[in-house]
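Handing you this structure, nothing more for now.
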Amino acid sequence: MLITWKSVQFINLLFYFTAMLVQLWMYCWFGNEIILKSIQVGDACYNSKWYELDSKLIKNYVFLIMERCKRPIAISVYGLATLSLTSYVSILNWSYSYYALLRRLYAKTTD
């Protein structure tokens, strides 16, 4: 059964779909921001005048921070994927491919 675009059910599904896309986008956006900010921490340490510090211990701490920032911090989803804008786009591509497959299968069964 197909839903016509003038029906109330279509409008409800459209609002639901939009809300889910926005919610997923927000998670991926902030996950991407965490990745970018963690990279900027290493750059900020490098661009500081760490070589002019008096204490060798503080130089070692700054060096350790720079070494740790070579691998950015990322939020992962059950270890399967990281939350970023690239994963958001791949989720949208996968979802549309799945929709197109279901649409094609439905069209074959109604013929």
Tell me every residue that passes side-chain contact (heavy atoms from CB on, under 4.5 Å) with K56, counting only those two or more places apart in sequence or in another chain.
N60
Please determine whether residues L83 and L36 belong to a single hydrophobic cluster, defined as Ile, Leu, Val, Met, Phe, Trp and Tyr linked transitively by side-chain heavy-atom distances below 4.5 Å.
no
Only pairs under 3.5 Å count here: list side-chain donor-acceptor contacts from residues 19-32, not counting sequence neighbours, and write none if there are none.
none

Residue list, side-chain contact (heavy atoms from CB on, under 4.5 Å) with K37, at least two apart or on another chain:
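side-chain contact (heavy atoms from CB on, under 4.5 Å) check on K37 returns E33, Q40.
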Mind checking side-chain contact (heavy atoms from CB on, under 4.5 Å) for L57 and listing every partner two or more places apart, or none if nothing turns up?
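Once residues adjacent in sequence are excluded, the partners of L57 under the side-chain contact (heavy atoms from CB on, under 4.5 Å) criterion are S55, Y61.
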Taking only distance into account, with no hydrogens and no angle test, what donor-acceptor pairs under 3.5 Å do side-chain atoms of residues 66-81 form with protein atoms, sequence neighbours excluded?
unit_1 : atom_1 : unit_2 : atom_2 : d
E67    : OE1    : K70    : NZ     : 3.3
E67    : OE2    : K70    : NZ     : 3.0
R68    : NH1    : R71    : O      : 2.5

Would you call Y88 and L92 a side-chain contact if the rule is heavy atoms closer than 4.5 Å?
yes
Residues in ring pair (Phe, Tyr, Trp, His ring centres under 6.0 Å) with Y98, at least two apart?
W94
How long is the gap from CZ on F15 to CZ on F10, to the nearest 0.5 Å?
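F15 CZ to F10 CZ: 10.5 Å, rounded to 0.5 Å.
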Quick one: CG on L13 to OG on S7, what's the gap to the nearest 0.5 Å?
8.0 Å
Before you tell me yes or no, could you show the steps for Y16 and N12 under side chain to side chain contact (heavy atoms under 4.5 Å, CB included), namely the whole-Å CA-CA distance, both residues' side-chain angles and the distance that decides it to 0.1 Å?
CA-CA 6 Å; Y16 177 76; N12 286 338; over 6 Å; no
Please give the remaining members of the hydrophobic cluster of V41, linking ILVMFWY side chains under 4.5 Å, ordered by chain and number.
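Besides V41, the cluster holds I65.
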When rounded to the nearest 0.5 angstrom, what distance separates OG1 in T4 from CD in Q9?
9.0 Å
Taking side chain to side chain donor-acceptor pair (under 3.5 Å) as the test, write out the residues that go with T86, two or more places apart.
S84
Point-to-point distance, once rounded to the nearest 0.5 Å, from CG of L85 to OG of S90
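That separation rounds to 10.5 Å.
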Check which hydrophobic residues are tied to L101 through side-chain heavy-atom contacts below 4.5 Å, counting indirect links as well, and list them.
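Once heavy-atom contacts under 4.5 Å are chained together, L101 belongs with L105.
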Answer yes or no: are there more than 12 heavy-atom neighbours, outside N47 itself, under 6.0 Å from its atom CG?
yes
